[in-house]
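Reviewing the structure listed below.
Numbered from 1 within each chain, the chains take letters A, B, ... in sequence-line order. Reckoned from all heavy atoms, side chains included, excluding hydrogens, waters and symmetry mates.
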There are 4 protein chains.
Amino acid sequence: MTTDHDALPVEEAVRAVRTNSRRKQVLDAAVEVMQRTGFHQMSMQALADEAGVSVGLIYKYFGGKEDVLLATILTILDAFRDQLEPAMDAVGDDPVERLVAGMRRYIEIVDENLNATVLTYRESRTLDAAGRARIKELEVESSAPLRAALDAGIAAAVMNPVDVDLMVFDIMLLAHGWALKHWHFGAIYSLDEYIRLQTRFVLNTLIPAQHRENYAQLLS
Amino acid sequence: MTTDHDALPVEEAVRAVRTNSRRKQVLDAAVEVMQRTGFHQMSMQALADEAGVSVGLIYKYFGGKEDVLLATILTILDAFRDQLEPAMDAVGDDPVERLVAGMRRYIEIVDENLNATVLTYRESRTLDAAGRARIKELEVESSAPLRAALDAGIAAAVMNPVDVDLMVFDIMLLAHGWALKHWHFGAIYSLDEYIRLQTRFVLNTLIPAQHRENYAQLLS
Amino acid sequence: MTTDHDALPVEEAVRAVRTNSRRKQVLDAAVEVMQRTGFHQMSMQALADEAGVSVGLIYKYFGGKEDVLLATILTILDAFRDQLEPAMDAVGDDPVERLVAGMRRYIEIVDENLNATVLTYRESRTLDAAGRARIKELEVESSAPLRAALDAGIAAAVMNPVDVDLMVFDIMLLAHGWALKHWHFGAIYSLDEYIRLQTRFVLNTLIPAQHRENYAQLLS
Amino acid sequence: MTTDHDALPVEEAVRAVRTNSRRKQVLDAAVEVMQRTGFHQMSMQALADEAGVSVGLIYKYFGGKEDVLLATILTILDAFRDQLEPAMDAVGDDPVERLVAGMRRYIEIVDENLNATVLTYRESRTLDAAGRARIKELEVESSAPLRAALDAGIAAAVMNPVDVDLMVFDIMLLAHGWALKHWHFGAIYSLDEYIRLQTRFVLNTLIPAQHRENYAQLLS
DNA sequence: TATGAATGAGATTTCATTCAT
DNA sequence: CATGAATGAAATCTCATTCAT
């Protein structure tokens with residue numbers, strides 16, 4: 001006869017962990033099912049089956065189907081936000097090196113979340129205004145390290161004074177392209193080739209003539 | 001006694017015209033409604049109301065809801081295919097000029113079909129394999145003039161020997177970006193600025209040092 | 001400039017003939033389509049196509065879909081009513097011979113209208129009360145010659161004094177059975193065998209011992 | 001902490017019982033509504049209302065509307081199959097007694113399922129090939145006890161050597177006739193009269209002269 | 001916490017019927 | 001007389017969500 005109506009701190013923590021684990025369980029299943037069928041084709045029953053839980057339980061952890069979608073997309077965007085800066089920090093202080101590392105990691109994350117990335121484009125419109133705003137915000141946020149590298153490079157005159165806003169979004173577009181046009185690119189390039197080619201494309205515009213020899217390998 | 005129950009050529013023609021007009025009427029409405037609500041949120045009743053016809057009539061001209069979607073997307077892709085080459089022909093033979101004109105027109109068409117372009121990305125996955133294949137085919141087809149300009153420019157050594165396949169799809173990505181990221185770009189650039197900036201981005205990579213002064217205006 | 005707004009008798013007759021021909025054209029098509037698909041599965045468009053007329057025209061000759069059904073069923077029942085007595089008259093006055101000839105012809109008509117007969121059973125309930133009453137009436141009417149032969153045979157003591165009402169309907173049931181259970185009977189008996197066997201079944205009960213040798217062939 | 005989320009045998013049994021009860025609830029309603037309106041006129045909403053459940057729930061227990069029809073018909077045929085032999089066993093070993101008891105019970109079941117029996121004839125064609133095959137199979141199966149009695153009677157020479165196949169189906173036809181022609185028979189005969197008359201009809205053909213006095217009561 | 005039976009609104013699609021030509 | 005485009009009501013079926021257990 002264990003009673004658990006008085007919530008001890010330990011039990012709270014246990015519950016929080018279980019809650020997170022349940023949410024993750026459902027979100028993983030959501031990505032899996034949505035990549036197969038798309039959001040609208042995914043029934044809550046199918047999601048529950050994939051996640052190995054009951055339909056009713058999903059409603060304990062999410063507000064509804066659209067909320068699952070929002071959470072799924074946010075999870076993906078979180079990955080970009082959280083993994084980009086560490087990868088750039090690992091290569092040191094040189095703005096060009098940082099940018100190159102950032103682009104590489106960005107495209108790698110896209111590759112690791114191929115279907116989820118496409119999902120972001122396909123289903124954003126499904127969300128309500130608040131959800132869409134949150135996504136845009138996260139996308140801008142996640143691109144901040146790239147923006148910082150460009151600003152630093154331009155300030156240090158190792159990059160041409162390009163329009164930073166445009167360049168950041170162009171880089172993201174080219175990265176997302178690996179998923180959006182994977183039916184085309186995936187057939188003719190390996191991931192590494194794609195990264196190398198797109199990086200060269202960007203550096204060609206960025207690196208001024210007097211510094212090009214420093215990055216000969218990247219520009220060849 | 002005059003009988004006119006035979007299908008005279010004139011009547012056939014009249015019917016064909018009416019059929020086309022009805023289809024266009026519905027497809028225009030489809031773009032309109034889908035831009036507001038997305039494909040899955042669009043009910044056939046809402047489509048019928050927007051088109052000013054009855055629900056039943058839509059099924060006379062289209063096989064079903066998905067067929068409306070396919071036809072809508074194909075209509076948009078047709079615009080790209082049909083309008084790109086004429087715009088490029090209008091500027092003469094110089095490969096660079098042709099490419100610049102092509103990019104301009106491409107982005108302009110995207111601008112004229114902002115919502116429809118997004119539709120192409122968002123709803124392609126909804127179609128069956130045959131429909132998706134048809135779309136990819138048309139996209140490749142529509143990009144042929146750009147590809148030709150690149151090939152010609154490289155052959156004439158007025159462009160660097162870039163990877164043509166990648167460059168063509170990158171250009172399309174950047175063009176589509178005007179629609180895909182319009183929530184961002186639309187707020188900070190005019191259409192002309194966007195065209196100019198993206199054109200410069202591409203030409204920076206394409207034009208070899210010894211020819212850059214010829215296109216100074218485009219590269220500044 | 002032929003005017004036909006004053007209806008001359010000749011033209012009236014022409015019209016009546018054409019009307020009948022059109023109705024027959026549609027009814028023949030109706031039997032054909034209904035035997036393939038059933039009444040409810042038959043669309044007016046399919047009926048029109050089969051009849052080689054337009055949908056609209058059917059409504060000039062029939063009140064609606066249900067009216068087509070009623071007319072179709074009545075046409076079949078008319079065949080029974082009109083063809084039974086002549087076949088019985090052809091064999092002379094002997095009540096037993098007349099009954100045998102009637103049964104033979106009845107089952108033959110069923111065989112000639114296999115699907116239409118089944119239709120009668122399947123779709124009667126679809127009709128309104130008036131239509132159903134009309135059908136029952138016609139069925140009773142069409143059985144009158146059989147009833148007369150039984151009455152005559154019993155009066156002349158060449159048949160046992162069976163319950164005439166029951167016997168008439170039993171004979172009809174056994175005749176209809178050729179259509180209703182054709183999936184079974186059709187596979188193991190020829191039409192003639194079926195007729196001979198069912199006739200013997202009925203005569204076994206009807207013919208008194210002292211007359212059986214007169215009909216030895218039928219009873220063997 | 002007691003958990004009961006495992007599917008205990010008890011719970012499985014409870015569910016099975018509930019499933020059966022729900023199915024029965026819907027099937028009873030189906031017979032009720034179809035007898036009023038016919039299968040095609042019956043809307044799923046009307047069926048749900050009659051059964052006292054929601055439309056959606058019907059689809060949990062049946063594959064669709066046609067599946068409801070098939071299940072309804074099969075339920076009726078099951079009654080024939082399951083109730084015939086016991087009734088015949090109850091009267092002992094005499095083949096004639098067994099046959100008579102079988103006919104009586106057969107017609108009684110028809111009487112107890114008047115509308116359902118008509119349904120079997122009216123709506124079989126609506127089913128797909130598999131469903132129709134299943135029905136024919138069950139009908140043959142359900143007649144097996146009658147067939148056995150005839151075979152035994154003929155072997156024991158207490159019955160004339162009639163065509164057994166035909167006789168079995170004729171008996172079924174006459175039994176079904178109580179439902180098919182109830183608009184006629186029902187008005188002039190009681191159930192018992194109908195049974196007695198049809199039994200006499202059959203026995204007249206079956207019982208040879210030398211045994212007729214044993215069954216005088218049935219033959220009078 | 002967890003289940004899944006039950007609901008019922010809403011979706012797509014069909015088709016009998018009408019009517020302008 | 002003849003057509004068939006157009007209508008729109010009604011049908012089947014799905015599925016997000018709730019709630020008693």
Legend entry - Heavy-atom pair with the smallest gap, counting every atom of B:M34 and B:F39: CE-CD1, 3.7 Å
Legend entry - Protein proximity profile, nucleotides 13-21 of chain E - base contact B, sugar-phosphate-only contact S, no contact -, cut-off 4.0 Å on heavy atoms: BBBSBB---
Inset, instruction - For the pair D:D128 (side chain) and D:G131 (backbone), establish whether a donor and an acceptor sit closer than 3.5 Å, ignoring hydrogens and angles. - result: yes
Legend entry - Whole-Å distance separating the CG atom of A:D49 from the P atom of E:dA2: 17 Å
Legend entry - B:K24 to B:Y61, cation-pi by 6.0 Å centre distance and 45° axis angle: no
Inset, instruction - Could you state the atom-to-atom distance from CG of B:L47 to P of E:dG10 in whole Å? - result: 19 Å
Legend entry - Any donor-acceptor pair under 3.5 Å from C:T37 side chain to C:V33 backbone: yes
Indicate every side-chain donor-acceptor pair of residues 44-52 of chain C with a distance under 3.5 Å to a residue at least two apart or in another chain.
| residue | atom | partner | partner atom | Å |
| --- | --- | --- | --- | --- |
| C:Q45 | NE2 | C:D49 | OD1 | 3.0 |
| C:E50 | OE1 | C:R36 | NH2 | 3.2 |

Inset, instruction - Verify, without hydrogens or angle tests, whether A:R132 (side chain) and A:L127 (backbone) share a donor-acceptor contact under 3.5 angstrom. - result: yes
Inset, instruction - Classify the nucleic acid contact of D:Y61 as base, sugar-phosphate or nothing, counting any heavy atom under 4.0 Å across all strands shown. - result: sugar-phosphate
Legend entry - Check: D:T75 side chain, D:A71 main-chain N or O, donor-acceptor pair, under 3.5 Å: yes
Legend entry - Separation of F:dA16 P from A:I58 CD1 (nearest whole Å): 10 Å
Inset, instruction - Give me the ring orientation class for D:Y121 and C:Y121: parallel if the planes are under 30° apart, tilted from 30 to 60°, perpendicular past 60°. - result: tilted
Legend entry - Which nucleotides of DNA chain E pair, in dot-bracket form (Watson-Crick or G-U under 3.5 Å, | meaning another strand): .||||||||||||||||||||
Legend entry - C:R22 vs F:dC1: side-chain N/O to OP1/OP2 distance below 4.0 Å: no
